[in-house]
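Please read the structure below before turning to the comments.
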Amino acid sequence: MSIFPFFRKPQIKKNQTRLSGMSKSTRWDSEDSESKQLPIYQHRNKLTQAVKNSPFLVVTGETGSGKTTQLPQYLHRAGFCKYGKIAITQPRRVAAITVAQRVAQEMRCPLGREVGYQVRFDDCTSQDTVVKYMTDGCLLREVLADPGLSQYSVVILDEIHERSLNTDILLGLLKKIFSNPAKATKGRAFPLKVVVMSATLESDKLSSFLGDCPVFAIPGRTFPVTCTFGSAIGPKDIESTAYVKEVVKMAFDVHTSEVAGDILVFLTGQSEIERACDLLFEKAETVDYRFDVQDPTVEGLLILPLYGSMPTDQQRQIFQPPPPGIRKCVVATNIAATSLTINGIKYIIDSGFVKQLNHNSRVGMDILEVVPISKSEAQQRAGRAGRISAGKCFRIYTKEFWEKSMPEYTIPEIQRTSLTAVVLTLKCLGVNDVISFPYLDRPEERFILEALKQLYQFDAIDRRGRVTQLGELMVEFPLHPGLTRSLLKAASLGCQDLLLPVAAMLSVENIFIRPGRPEKQKEADKKHRGLATRVGSMNDFATLLSIFQSCKSSDRPSAWCKENWIHWRALKSAFSVETQLREILLRLQQVQNFPVETFDGNKSELLRQCLCTGYFTNVARRSMGKVFCTMDGHGSMVHIHPSSSLFDQEAELNWVIFHDVLVTSRVYIRTVCPIRYEWVKDLLPKLHEVDVYELSSVAREEVTDKEMKKWETREAAKRQPGF
DNA sequence: GAGCACTGC
């Protein structure tokens with residue numbers, strides 16, 4: 001029996017499919033009445049005209065305007081697919097997939113034919129696909145292979161206001177490539193049309209960035225949300241964690257005094273959410289529904305946590321409507337701000353904080369920190385209450401906090417992240433001058449210089465800032481450049497099987513489960529310690545390799561994970577990443593001039609020596625007791641994280657490499673491996689070879705011979721014996 | 001002696 005009894009497969013004649021939209025076919029003329037009621041519908045002719053008339057167009061519209069689903073269909077119907085496909089980018093996989101599903105349904109075609117999607121590990125397109133939803137990262141990879149984007153007639157960048165790193169890079173690239181009319185038509189029958197879609201904010205900025213291109217505003221269709229400020233959290237409370245209690249109190253007040261409707265609470269992380277849920281549960285137990293609760297139809301409270309690392313089936317529970325009479329209260333991270341939409345939310349409790357990963361170029365580290373959200377983000381959170389009817393948003397912070405502690409806009413990712421991979425991508429696209437590249441918001445110059453310095457250290461670019469052969473290979477891998485460097489070293493020595501699983505394990509989410517309850521915690525820790533392997537000595541990278549192999553060869557891998565307190569979901573994605581990396585490597589080995597080296601060292605040390613070629617920027621040396629000192633020029637004092645198998649064995653160690661740094665009560669290094677000084681001796685001087693200020697000319701590729709000479713003398717002076 | 005939000009290739 002069919003699940004959809006009224007669904008009829010459309011009759012598609014083979015010859016008709018490819019150009020169907022622009023012929024006089026009546027297939028698309030019968031729009032369903034639902035899409036006719038969308039605010040965008042009245043503007044459809046003007047919109048297609050606007051796309052025709054200008055190479056760039058900005059379209060703004062709030063959620064519910066229908067721009068993501070309708071505009072591609074209008075363009076399709078107007079004949080734009082005659083010259084190529086229409087690409088619509090999304091910052092997230094799920095969005096690309098679900099929107100494509102809906103549009104395929106509206107256009108009455110099977111998904112993957114005229115309408116399809118492409119995300120990593122999942123390409124649902126065919127020869128017939130002319131409307132293609134995809135993640136911004138996928139389109140960026142396509143630009144790398146074909147900078148002219150010759151198979152597309154229109155590229156639509158959606159959700160620009162979220163300012164994802166990839167979308168920002170694409171925007172700059174499209175401006176650079178297609179704002180020059182001569183370049184824009186080069187090798188094309190029809191100049192590429194670029195449409196940039198965003199929520200209403202910042203449309204002027206976008207328009208002027210794209211040469212004062214026209215702006216098309218579509219009214220949204222959401223309900224009003226009234227916002228109130230609290231009295232407890234003021235500008236002085238930025239460092240405190242008092243907001244958890246305050247949030248619980250506010251949620252409880254809403255439950256007892258407001259009419260029926262579900263509650264969504266925004267907090268910053270897993271442990272905080274679990275604590276808030278416990279507190280709320282305690283309070284909710286004391287309620288007498290005969291007297292305490294104003295709305296007589298409300299007879300109970302269902303409290304549900306929601307965060308990213310939660311098991312998927314548990315996440316699914318969130319979307320179930322609560323039983324009659326029960327009010328649902330979801331306590332979530334920022335995942336509920338954009339990634340997941342929960343229906344039925346009428347009340348928002350906003351803590352005003354978020355956990356954000358910021359790159360600190362002063363110490364050369366990424367730091368995850370709790371910071372106040374921006375005003376635009378607060379509005380976004382509030383908007384989550386107005387999707388089905390009028391809602392209310394309770395901000396626990398004061399008006400003064402709003403005015404003094406919260407910035408207008410969130411700093412875009414490109415300005416607070418390490419740019420090493422981005423700069424390599426740009427260089428490979430022929431963007432030599434990465435400083436004057438058209439960024440919508442320019443990153444600080446020292447961020448760019450730091451990235452160049454790292455790329456130079458990895459031999460991905462040469463002293464004049466040109467991409468090396470190795471750099472060309474590196475850009476093909478969806479990994480951090482250092483990790484790629486190690487992988488390529490291993491491949492050239494023929495031992496890629498050691499590095500492929502390690503690289504995969506390090507590029508997926510954390511695989512170790514650590515529960516909140518202390519007794520369970522002990523159990524999990526014990527299991528994890530048992531997984532640590534001794535290859536000559538303890539080594540966290542080798543442990544990852546061993547976990548990967550043990551699980552993969554297990555008869556029941558998911559049971560194996562459960563037993564060992566490992567996230568099965570994470571390990572599954574590590575398996576697919578490993579396969580993908582292996583395929584990329586094989587392809588490159590077949591077509592490129594791939595380096596081959598011989599190894600005359602100790603075989604049991606092979607893995608660690610390969611790691612050294614990519615991690616010599618992350619070397620630390622024990623200075624005193626349990627304190628290590630990084631050798632990256634910053635000389636930061638760090639400790640080995642207690643989750644490492646090398647924790648408590650510091651006395652036996654002198655030199656180590658580490659995968660990442662975690663800043664909490666101390667500065668911790670995680671995923672650690674002991675090394676011998678000889679392995680990095682020849683690499684370390686490279687860390688001090690180039691001064692960041694000298695690199696600004698590398699960035700612009702304007703290095704004169706005189707400058708080169710100056711460097712070489714300085715470098716010789718710096719190369720001192722022993723270090 | 002432990003405190004990793006969220007994406008993406």
Side-chain angles (χ1 to χ4, degrees), chain A residues 89-96 118-123 134-145 159 162-170 241 266-275 306-310 332-340 351 353-358 366-371 373 377 410 413 417 421-422 424-425 474-481 484 504 507-516 518 521-522 524-525 528-529 567 570 573 576-577 580-581 584 626 639-644 647-648 650 659-666 668-671:
Chain A
T89 68
Q90 295 291 320
R92 280 173 301 280
R93 294 164 55 96
V94 257
Q118 189 188 344
V119 298
R120 189 185 187 185
F121 303 127
D122 192 0
D123 182 358
M134 62 208 296
T135 47
D136 47 14
C138 273
L139 188 64
L140 195 55
R141 292 261 93 147
E142 286 193 12
V143 178
L144 220 40
E159 312 283 8
E162 285 190 27
R163 306 300 306 276
S164 91
L165 184 59
N166 288 334
T167 303
D168 266 19
I169 295 296
L170 280 170
T241 51
F266 282 105
L267 281 174
T268 69
Q270 174 179 349
S271 62
E272 216 171 81
I273 285 170
E274 278 165 1
R275 196 153 58 89
L306 173 65
Y307 45 85
S309 62
M310 226 165 70
T333 60
N334 233 17
I335 195 170
T338 47
S339 307
L340 299 176
S351 66
F353 289 96
V354 70
K355 236 174 225 172
Q356 199 173 65
L357 189 69
N358 292 321
D366 291 330
I367 301 174
L368 189 70
E369 48 194 349
V370 175
V371 294
I373 58 172
E377 209 171 341
T410 308
E413 201 182 353
T417 196
V422 165
L424 181 60
T425 307
M474 281 169 73
V475 80
E476 297 290 325
F477 290 88
L479 291 175
H480 180 270
T484 314
S507 65
V508 300
E509 53 187 319
N510 180 23
I511 58 152
F512 296 104
I513 299 174
R514 195 150 195 275
Q521 226 168 58
K522 273 193 181 155
D525 291 349
H528 292 162
R529 272 197 301 277
H567 272 126
S573 48
S576 1
V577 173
Q580 189 191 30
L581 297 177
I584 295 170
K626 296 188 166 205
H639 287 78
I640 293 183
H641 194 269
S643 66
S644 167
F647 181 76
D648 268 347
E650 289 91 342
H659 177 250
D660 64 351
V661 177
L662 182 67
V663 182
T664 52
S665 52
R666 276 177 173 170
Y668 287 108
I669 52 175
R670 281 186 313 180
T671 317

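Bear in mind the structure is a predicted one, so any value in this text is a computation, not a measurement. FYI, side chains are in, hydrogens and waters are out, and symmetry mates aren't considered; it's all heavy atoms of this structure.
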Give the B/S/- string for nucleotides 2-7 of chain B, one per nucleotide from 5' to 3', where a protein heavy atom under 4.0 Å of the base yields B, of only the sugar-phosphate yields S, and otherwise -.
-> BSBBSS
Just checking, is any N or O donor in the side chain of A:Ser573 or A:Ser576 under 3.5 Å from an acceptor N or O on the other one?
-> no
Quick one: do the A:Glu369 and A:Asn358 side chains pair a donor with an acceptor below 3.5 Å?
-> yes
Interatomic distance where CG belongs to A:Leu144 and C1' belongs to B:dG8 [whole Å] | 15 Å
Set of ring pair (Phe, Tyr, Trp, His ring centres under 6.0 Å) partners for A:His659, sequence neighbours left out = A:Tyr615
Residues passing the ring pair (Phe, Tyr, Trp, His ring centres under 6.0 Å) test with A:Tyr668, sequence neighbours excluded, are A:His641
Name the nucleic acid region contacted by A:Val119, choosing base, sugar-phosphate or nothing; use a 4.0 angstrom heavy-atom cut-off, strictly under.
-> sugar-phosphate
When rounded to the nearest 0.5 Å, the distance separating CD1 of A:Ile513 from OG of A:Ser309 is 9.0 Å
